[in-house]
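Lettering follows sequence order; numbering is per chain, from 1. In this text the structure is predicted, and so the values were computed from the model without any measurement.
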Amino acid sequence: MKNPDNNLSISTLLLRWYDVHKRDLPWRGTHDPYAIWISEIILQQTRIQQGWDYFVRFMRRFPDVVSLAQAHEDDVLKLWQGLGYYSRARNLHAAAQQVVDRFGGQFPRTYSDILSLKGIGEYTAAAIASIAYNEPYAAVDGNVFRVLSRLFDIDTPINTPVGKKQITAVAQSILHPRFPGLHNQAMMDLGAMVCTPAQPECVECPFQEICLALARNKVADLPVKNRLKTVRNRYFHYFHIRYGDKVYIRKRIGRDIWKNLYEFPLVETDAPADFAALQDSDGFKQLFSPVMQMTIRHTMHLKHVLSHQVIYADFYQVDIDPAEQSLQGRGLIEIPGYRLGEYAVSRLVHKYIETI
DNA sequence: AACACGGGGGT
DNA sequence: ACCCCAGTGTT
């Protein structure tokens, strides 16, 4: 049996497999660092099937870094709507402006310069540097954690700094010295297609002769991961306020979820609240004082499950008497109802808007 | 080192 | 119910 420490054989086996099995993706075959960058950011924590169309649309709308830098953040977020982790879009936009300001609009060429851009961490910097410029940096993502923890039978929890350091060192040591870009992409494809989280296809694996976990019957036990803490429950009460043909929205600010996206005015309570309790809340009074002529009815309840919080959302439709004064001047934006679709909103708010 | 940040899909 | 996914920034 070959030794898994025989590094040349590992990357050679890997590239031989990749040459036959690599996937045909819209960002494959390019050495344009901008296109690689966009694809890498979109695919962070996102499945290819889900990200594919977003990538195509994004490249069509912002074909180069200068066009992205010149865009309005609202338009970038609108293009990102529905993808989640919206800081990716905000950082993408900010980083494009950094490229213009600090690198004269030319995408940086070195790992450390690439790493200095907003939203680009060690993984993405290594991916761009290796795929675009063939720089010898191992791109270590969730796939690589899984493949290498199995190949070398490493049971250090991978979601700890020690585990990450350990896998990264191994990844760097087996990186093909002449084809780091191909090697990195091959590792990702192998993790996505063969060395999958559940029911891996070990019989198809180029490493089946040298995989320590397979030899020791531990494939299903790896990688080891510490449990995340439980999710937080939140209670949102949205008000779809109608005033003639106008509605009111506002932009979320602060460090909370969905920053810079738009939504209906909302009151958050720290526990489930019926309408009577809601009326007593400070947020409600602030929104609707002074007392005005209006009708309110509860129209929808949605449970929105995210990775780290569960949001219980109630929607109320509020009709303000046209004789009343406009609600403008409370941080609200008054827009015609038919223009709602122009604003970037969360998936949760979108679910409601679809039903209007 | 721990936590925050979306959303979708698989078992 | 629980896990997974081409991670990064902040505290």
Within 45° of the axis and under 6.0 Å from the centre of the six-membered ring of Y243(A), does NZ or CZ of K246(A) qualify?
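Relative to the ring axis of Y243(A), which defines the angle, K246(A) lies outside at least one limit.
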
Provide, to the nearest angstrom, the distance between the [atom1] atom belonging to [X] and the [atom2] atom belonging to [N].
X       : N      : atom1 : atom2 : result
Q44(A)  : dA6(C) : CD    : P     : 11 Å
Q50(A)  : dG6(B) : CD    : P     : 14 Å
N159(A) : dT8(C) : CG    : C1'   : 16 Å
Y18(A)  : dA6(C) : OH    : C1'   : 12 Å
N226(A) : dC3(B) : CG    : P     : 12 Å
I311(A) : dG8(B) : CD1   : P     : 13 Å
K164(A) : dG7(C) : NZ    : C1'   : 8 Å
D141(A) : dC4(C) : CG    : C1'   : 13 Å

What does [X] touch in the nucleic acid at a heavy-atom separation under 4.0 angstrom: a base, only the sugar-phosphate, or nothing?
X       : result
L92(A)  : nothing
Q49(A)  : nothing
G82(A)  : sugar-phosphate
I48(A)  : base
S87(A)  : nothing
D256(A) : sugar-phosphate
K225(A) : sugar-phosphate
I120(A) : sugar-phosphate
R47(A)  : base
Q185(A) : nothing
S39(A)  : nothing
R252(A) : nothing
R90(A)  : nothing
W27(A)  : base

Side-chain N,O ([X]) to OP1/OP2 ([N]) below 4.0 Å:
X       : N      : value
R88(A)  : dC5(B) : no
W258(A) : dG7(B) : yes
H304(A) : dG7(B) : yes
Y85(A)  : dG9(C) : no
Q309(A) : dC5(B) : yes
S307(A) : dC5(B) : no

Using atom C1' of each nucleotide, how far apart are dA6(C) and dT11(B) to the nearest Å?
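That atom pair is separated by 22 Å.
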
Of the nucleotides [options], which has the atom closest to the [X] side chain?
X       : options                 : value
R232(A) : dA6(C), dC5(B), dC4(C)  : dC5(B)
M188(A) : dT11(B), dG7(C), dA6(C) : dA6(C)
Y123(A) : dA6(C), dG7(B), dT11(B) : dA6(C)

Let me check something: do V310(A) and L302(A) share a hydrophobic cluster, defined by ILVMFWY side-chain heavy atoms less than 4.5 Å apart, either directly or through other members?
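No, separate clusters.
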
By ring pair (Phe, Tyr, Trp, His ring centres under 6.0 Å) - contacts of Y54(A) (at least two apart):
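Scan of Y54(A) (ring pair (Phe, Tyr, Trp, His ring centres under 6.0 Å), adjacent residues dropped) gives none.
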
Can you tell which of Y86(A), Y343(A), Y238(A) makes a ring-ring contact (aromatic ring centres under 6.0 Å, His included) with Y262(A)?
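With Y262(A) as partner, ring-ring contact (aromatic ring centres under 6.0 Å, His included) holds for just one option, Y343(A).
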
Between Y248(A), F239(A), Y352(A), which is the residue that forms a ring-ring contact (aromatic ring centres under 6.0 Å, His included) with F264(A)?
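Looking at Y248(A), F239(A), Y352(A), the match for F264(A) under the ring-ring contact (aromatic ring centres under 6.0 Å, His included) is Y352(A).
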
Are the charged groups of R232(A) and D270(A) less than 4.0 angstrom apart, N to O?
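No.
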
E342(A) bridged to K78(A) by N-O distance under 4.0 Å
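The answer is no: the pair does not qualify as a salt bridge.
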
Between G191(A) and R255(A), which residue's closest nucleotide on DNA chain C lies nearer the 5′ terminus?
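Upstream on the strand: G191(A).
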
Most 5' of N91(A) and R23(A) on DNA chain C, judged by nearest nucleotide:
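Result of the comparison: R23(A).
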
Partner of dA1(B) by Watson-Crick or G-U wobble geometry, both contacts under 3.5 Å, or none?
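Its partner is dT11(C).
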
Stepwise salt bridge (charged side-chain N to carboxylate O under 4.0 Å, His left out) check, R252(A) with E263(A):
CA-CA 7 Å; R252(A) 281 185 76 86; E263(A) 65 186 2; 3.1 Å; yes

Assign each of R234(A) and K351(A) to its nearest nucleotide of DNA chain B by heavy atoms, then name whichever residue's nucleotide is nearer the 5' end.
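First, find each residue's nearest nucleotide; the 5'-ward one identifies R234(A).
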
